[in-house]
Amino acid sequence: MAFKIFNTLTRKKEDFKPIKGKTVRMYTCGPTVYNFAHIGNLRTYMFEDLLRRYLDYKGFSVKQVMNLTDVDDKTIRDSQKEKIPLKNFTEKYIQAFYEDLAKLRIEKAEVYPKATEHIDEMVQIIKVLLDKGFAYKADDGSIYFSIKKFKDYGKLAHINTDDLKAGARVKHDEYEKDNLADFALWKNWSKDDGDVFWETELGKGRPGWHIECSAMSMKHLSNAFKKKTFDPDGFSTIDIHTGGVDNMFPHHEDEIAQSEAATGKDFVRYWMHSEHLIVGGKKMSKSLGNFYTLRDLIEKGHDPLAVRYVLLSIHYKQQLNFTFDSLNGAKKVIEKFHDVISKLGMADGEGIDFKAKIKKTRKMFEEALDDDLNISAALGAVFELVKEINTLLMENKISKANAKDIIAALENFDSIIGVMKRDENLDSGIEVLIKKRDEARVKKDWAMSDKIRDELKSKGIVLEDTPQGTIWKKT
Ligand code: AMP
Ligand code: ZN
């Protein structure tokens, strides 16, 4: 079946088809590295993880580029506040970001380009925009994109530019639709920028935020910079560009304007935007101060995999209301997966024909994800299977061969869900102790068996003896 995705550009679900063969070139707007990512940001990266995992599952070869915004209004403001050079300031948060992604099992993008390492590419695009008459230098020495000159301006966010006041300009990176105006491509140095500037053909200054993503996506996903200078003919339309819904305007609208004006080609084929994570009815954001980082939650004793599950399990186009109840619920779901896999590993029952049931579940799972990544329905299909397996295990009907097939199917589903595999380091140590305890029990060495149980308990692990054997859980 075709994989359908909702394209923000057309506001329709469309069949997904890459521009060239089976390769998918995907650009995801990455973090602004001026603080730790909060779980709202991480929800967006989780949606992109789901997308990339499913494209992979469908047999596509994904090249994902996720940029790191390491120079913009906010990074400069906060590095100055802390009196730390911009590079050292952002590096700390870049490393923390990678750690968060690893803890959440978010698959790595192929490239993580930094804005500060692409200034030359940005300058080259801006020069083309000046030459073509889409950009102009204002009195303050900064360079702006003239949105009236680009006839398709507003096509992504569906805004009308008719009422635009001629000459209105906005220098800040972020602004509301009400402040629709010519936006800054290059910001002439001002004393507020301190030591953050580049001496370029455009003058002494720094780039605006939007041009950063145009330059990095073209550089890493097309041949626009294969020659020494910017080559619009080398650019080919990018397959997918993603971000949170707040990126749609002005960031993505401005990216389209500058990129299409510079190349004369469509910038992106499919635009995808995930909805926000909210708390108490409000968008989680740094400015509102209503946020949790992954570190906060781990410190409170939560398992990063439970966070993964919460962020993943609601359809990306629906707002996700974060609560601690949902986190506790996620922990139970993951335990259920771990329990059933442990029991299957020890199952040795009569055996039944289970292949058709697995096939049906796989079909439901894929149909759900083919429908614009309907993960809730896909999970529903897997839960139904797990429920049935548990009943059959209780009745001792699952044979070794059945178990092997079922485990393979669950592993296949987990290539998308990503929570079933246990932490291997932890796992192997515990397995050794459980084995020792089993041996002690066979020898009726109850003192040793109790000692091991207590030792595990002190490590936060409880044992449960089931008909299939001993399984364990974290308390
Ligand atoms: P930033 O670091 O502010 O540039 O944001 C990084 C990504 O997180 C962007 O794609 C934003 O759209 C996304 N984002 C910001 N806040 C939220 C939220 N509350 N829920 C979901 N995504 C968010
Ligand atoms: Zn971006």
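Note that the coordinates shown come from a computational prediction; the quantities given were computed from them, not determined experimentally. Just so you know, ligand 1 is whichever comes first in the structure, and atom 1 is the first atom listed for that ligand. As a basis for the values below, the full set of heavy atoms in this structure was taken, side chains included, without hydrogen atoms, waters or symmetry mates.
When only non-hydrogen protein atoms are considered, atom 3 (O) of ligand 1 lies nearest to Lys74 NZ, 4.1 Å. Protein heavy atom in closest approach to atom 12 (O) of ligand 1: Asp246 OD1, 2.4 Å. Closest to atom 2 (O) of ligand 1, if we only count protein heavy atoms, is Thr32 N, 3.0 Å. With respect to atom 17 (C) of ligand 1, the closest heavy atom belonging to the protein is His276 CD2, 3.6 Å. Protein heavy atom at the shortest distance from atom 16 (N) of ligand 1 is Lys283 CE, 3.5 Å.
Screening Asp73, Asp72, Asp193 for a side-chain hydrogen bond (donor to acceptor under 3.5 Å, both in side chains) with Lys187, the sole residue that qualifies is Asp73. Partner of Phe16 under the side-chain contact (heavy atoms from CB on, under 4.5 Å) criterion, out of Asn7, Leu51, Asp372, Leu55: Leu55 alone.
Using a 4.0 angstrom heavy-atom cutoff, His38 counts as in contact with ligand 1. Residue contact check for ligand 1: Pro31 places a non-hydrogen atom closer than 4.0 Å to it. The shortest separation from a heavy atom of Tyr45 to ligand 1 is under 4.0 Å, placing the residue in contact.
In this structure, the ring of Tyr27 has its center no less than 6.0 angstrom from the ring center of His220. Ring centroid separation for the pair Tyr112 and Tyr98 comes in under the 6.0 Å cut-off. Two rings, from Phe322 and Phe324, have their centers less than 6.0 Å apart. Aromatic pair Tyr144/Phe183: centroids not less than 6.0 angstrom apart. Phe145 and Tyr153 have their aromatic ring centers separated by at least 6.0 angstrom.
Near Thr44, meaning under 4.0 Å from one of its heavy atoms, ligand 1 places the atoms 10 (O), 13 (C), 21 (C), 22 (N), 23 (C). Each of the atoms 10 (O), 12 (O) of ligand 1 lies under 4.0 Å from some heavy atom of Gly244. For ligand 1, the atoms lying closer than 4.0 Å to a non-hydrogen atom of Gly40 are 17 (C), 18 (C), 19 (N), 20 (N), 21 (C), 22 (N), 23 (C). Set against the non-hydrogen atoms of Asn247, the atoms of ligand 1 under 4.0 Å away are 9 (C), 10 (O), 11 (C), 12 (O). Heavy-atom contacts of Met284 reach the following atoms of ligand 1: 16 (N), 18 (C), 19 (N) (cutoff under 4.0 Å).
Of all the listed residues (Ile278, Asp72, Leu277), Leu277 holds the heavy atom that lies closest to atom 20 (N) of ligand 1.
Where the criterion is an N or O separation shorter than 3.5 Å, residue side chain and backbone included, Asn41 meets it with respect to ligand 1. Close N/O approach between Ser285 and ligand 1 is not found [any backbone or side-chain N/O within under 3.5 Å]. Residue Trp209 has no nitrogen or oxygen atom sitting less than 3.5 Å from a nitrogen or oxygen atom of ligand 1, judged on distance alone.
By the neighbour-count criterion of 12 heavy atoms within 6.0 Å, atom OH of Tyr292 is sparsely surrounded, having that number or fewer from other residues, nucleotides or ligands. The 12-atom threshold is exceeded at NZ of Lys148, counting heavy atoms of other residues, nucleotides or ligands nearer than 6.0 Å. Environment of NZ in Lys149: sparse, with no more than 12 heavy atoms of neighbouring residues, nucleotides or ligands closer than 6.0 Å. The number of heavy atoms from other shown groups lying within 6.0 Å of NZ (Lys204) is above 12.
In this structure, the side chain of Asp152 does not engage the main chain of Lys155 through any donor-acceptor pair within 3.5 Å.
Applying the salt bridge (charged side-chain N to carboxylate O under 4.0 Å, His left out) criterion to Asp56, with sequence neighbours excluded, gives no partner residue.
Around the Zn ion (ligand 2), the protein N, O or S atoms found under 2.8 Å comprise Cys29 SG, Cys213 SG, His251 NE2.
Using a 4.0 Å cut-off between a side-chain N of Lys or Arg and a carboxylate O of Asp or Glu, Arg295 and Glu299 do not qualify as a salt bridge.
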